There are 2 protein chains.
Amino acid sequence: MATIRDVAKHAGVSVATVSRMINDTGYVHEDTRKKIETAIKELHYTPNEVARSLYKRKSRLTGLLLPDIANPFFPELARGVEDEMQRNEFRIIFGNSDENKAKEKEYLQTFVQNNVVGIISSTNFPDSDMYRKLNIPVVFLDRTADNRPSVYSDGREGGRMAAREIADRGSRRVTVMRGPRHIRPAQDRYEGAVEALGERGIVFNVIQTSSFSFTDAGTWARELFERHPETDGVIASNDIVAAAVLHEALRLGKKVPEDVQIVGFDDIPLSRLLTPSLTTIRQPAYDMGKAAASLLIRLIENEIVDEPTIQMPVTFAERDTTRKAEIEWQK
Amino acid sequence: MATIRDVAKHAGVSVATVSRMINDTGYVHEDTRKKIETAIKELHYTPNEVARSLYKRKSRLTGLLLPDIANPFFPELARGVEDEMQRNEFRIIFGNSDENKAKEKEYLQTFVQNNVVGIISSTNFPDSDMYRKLNIPVVFLDRTADNRPSVYSDGREGGRMAAREIADRGSRRVTVMRGPRHIRPAQDRYEGAVEALGERGIVFNVIQTSSFSFTDAGTWARELFERHPETDGVIASNDIVAAAVLHEALRLGKKVPEDVQIVGFDDIPLSRLLTPSLTTIRQPAYDMGKAAASLLIRLIENEIVDEPTIQMPVTFAERDTTRKAEIEWQK
DNA sequence: TTGAAAGCGTTACCAA
DNA sequence: TTGGTAACGCTTTCAA
């Protein structure tokens with residue numbers, strides 16, 4: 001690889017001049033500029049980012065920490081982040097945390113060791129020291145804490161919405177699939193659902209699930225209908241679980257939505273391809289990722305952001321695992 | 001951030017000694033070792049990877065370039081790669097290429113500028129200069145070229161397999177969804193399917209698709225049944241398209257697999273959650289990612305690899321969008 | 001067993 | 001308008 005010295009020599013100038021020209025900082029004569037340009041072309045020179053980073057103590061790298069890219073909710077998020085970063089010429093060091101604190105810590109450490117200028121993280125430990133001690137901007141994504149920079153959606157309202165809609169459509173023996181206890185958004189949804197169900201005096205059962213994995217989802221779906229065969233409405237903790245529940249209901253010969261209604265959460269791309277297509281509470285994953293990146297960049301560039309926490313709207317994506325709302329007829 | 005000088009001062013030794021101790025290269029007395037350890041603890045010192053990378057002209061970073069992480073086939077691949085890298089203490093700079101040469105080039109350039117030690121790429125341009133000129137190891141993933149390091153599966157055999165199985169199960173008016181022309185594996189599948197169909201003298205129609213996107217998939221599914229309503233067997237270019245076809249077939253009131261059989265490709269996790277669950281040609285995505293990372297690491301560490309191209313097996317994942325094989329009764 | 005110093009490829013200050 | 005040079009934080013050589 002050619003270095004700045006090579007370019008300087010080739011152009012018959014000093015490295016200082018080449019640097020000035022590359023970074024457009026300070027004077028450089030038109031003629032010298034030409035010569036340097038030629039030299040750069042001929043030598044295929046591109047600046048060594050590592051050397052730059054060392055001197056300036058900052059890079060064009062950012063860190064992105066997600067629980068598990070294999071969970072279909074996260075690729076959309078990641079894509080939003082990447083698109084925005086790429087547009088602004090930032091690069092991403094990516095890691096999966098598996099919601100594991102030690103792994104997370106390890107990644108944060110190497111992010112710092114590599115001089116990243118900012119971090120986006122979907123962490124369950126936003127209040128831990130490992131984040132507090134960082135002296136670079138951090139944006140929490142699909143998570144939030146106090147007044148710290150974050151992009152998330154209102155899980156509680158989402159849960160309420162799911163319960164409300166399924167109740168309005170006539171389910172009276174609801175089962176709520178409660179997501180992993182240590183995952184904040186999952187709890188928010190659960191609490192919201194419980195709250196709205198309670199307000200309506202609707203009895204409900206709870207199936208506790210401990211992960212969002214595909215393989216486990218089927219197990220819980222089976223457990224659901226074994227333990228609560230009378231269920232006529234399911235509020236799932238996310239679309240994967242909902243898909244598993246739908247699959248199991250159909251396997252048992254139940255009619256969806258006539259016998260059982262199902263509401264998912266997230267609106268992953270495949271939800272609309274299920275048959276019947278899945279009614280769900282939508283989070284705008286791509287936009288959330290994009291917003292997080294955009295916010296981080298503003299932070300990195302020291303722009304003033306008056307509102308560091310961005311709450312994105314959840315919306316009811318009405319499809320075919322729910323019946324038409326009875327309530328609507330009364331309007 | 002504490003530097004090695006701070007540690008040295010704090011421990012009353014020279015930076016050279018600290019360095020020797022950290023890297024376990026050369027002598028350091030037990031007593032000094034103790035002192036240094038204490039200093040490191042107290043100052044929370046971790047070595048600056050950027051400085052290391054600059055001096056050694058190599059880092060612990062690798063580059064990973066995928067077409068689109070939002071396509072459900074790739075998260076599994078990525079996870080395989082990440083797990084193996086993480087286990088070996090390598091980090092990943094990640095980018096989406098969108099099968100776009102310019103974008104790809106840009107990423108490769110920044111990979112190099114950041115001193116990555118190796119690259120994993122699912123490229124459509126393995127033979128282009130941008131790869132040839134690289135002087136760090138590259139592993140092609142889900143792609144291959146000549147005898148160059150790569151991990152892929154036999155798309156052609158996969159296509160043949162899909163055709164064979166669907167034919168054995170009685171489809172006689174097959175429609176093949178032909179994936180994007182510029183994507184090699186998609187073409188291989190197509191050609192394999194055409195070949196096997198031809199051998200059996202089965203007539204077939206072709207629907208040309210130009211992307212693997214969710215939004216387009218529905219369009220092609222509709223086109224399929226409008227143009228070829230007599231179709232009794234569909235070989236899809238991947239599971240997304242297959243899911244869309246299944247959805248559309250059901251919407252049209254067709255019975256699957258009685259009226260139409262459908263075979264997908266990839267075996268993305270959601271395939272088994274469809275109803276009926278999707279019969280597909282499975283690629284072991286996670287293992288492919290893992291194998292690619294493992295191969296790249298061996299290359300980085302200059303181990304001798306006698307067989308740089310690794311072909312992973314495709315397998316027939318028989319599920320419920322196909323009928324039971326007639327052929328089996330004859331055994 | 002230890003330390004001084006050169007060097008990795010840049011940038012930025014200051015003098016010319 | 002240009003160039004010499006120190007500095008960024010580390011590793012490695014060589015001499016002590």
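What you are looking at is a predicted structure, and each value in this text was computed from that prediction instead of being measured. In what follows, every chain begins at residue 1, and chains take the letters A, B, ... in the order their sequences are listed.
Scanning DNA chain C 5' to 3' for nucleotides with an atom closer than 4.0 angstrom to a non-hydrogen atom of chain B gives a first and last hit of dT1(C) to dG9(C).
Between Phe140(A) and Tyr131(A), the two ring planes are perpendicular [angle over 60°; tilted spans 30° to 60°].
Among the heavy atoms of the strands lying under 4.0 Å from Ser19(B) is at least one base atom, whether or not backbone atoms are also near.
Salt bridge Asp83(B)/Lys290(B): absent, no basic N to carboxylate O contact under 4.0 Å. Using a cutoff of 4.0 Å between basic side-chain nitrogens and carboxylate oxygens, Arg132(B) and Asp146(B) are scored as salt-bridged. A salt bridge links Lys34(A) and Glu30(A); the closest N-O separation between the charged side-chain nitrogens and carboxylate oxygens is under 4.0 Å. Taking the charged nitrogens against the carboxylate oxygens, Arg184(B) and Glu99(B) have no contact shorter than 4.0 Å, which rules out a salt bridge.
Between dT11(D) and Thr25(B), no contact under 4.0 Å exists linking OP1 or OP2 to a side-chain N or O. Between Ser14(A) and dG3(D) there is a side-chain N or O to OP1 or OP2 distance below 4.0 Å.
For the pair Arg5(A) CZ and dG4(D) P, the interatomic distance rounds to 10 Å; values are reported in whole Å. The distance between atom CG of Asn23(B) and atom C1' of dC10(D), rounded to the nearest whole Å, is 9 Å.
Remark: the Glu104(A) side chain and the Thr123(A) side chain contain an N/O donor-acceptor pair separated by less than 3.5 Å. Checked by atom type, the side-chain pair His10(A)/Glu42(A) shows a donor-acceptor distance below 3.5 Å.
Heavy-atom distances under 4.0 Å link DNA chain D to Leu54(A), Tyr55(A) of residues 48-56 of chain A, given in residue order.
Nearest-nucleotide mapping onto DNA chain C: of Val15(B) and Arg57(B), the residue sitting toward the 5' end is Val15(B). Each of Arg20(A) and Thr3(A) was matched to the nucleotide of DNA chain C holding its nearest heavy atom; the match closer to the 5' end belongs to Thr3(A).
Checked by atom type and distance alone, the side chain of Gln187(A) pairs as donor or acceptor with a backbone atom of Pro180(A) at under 3.5 Å.
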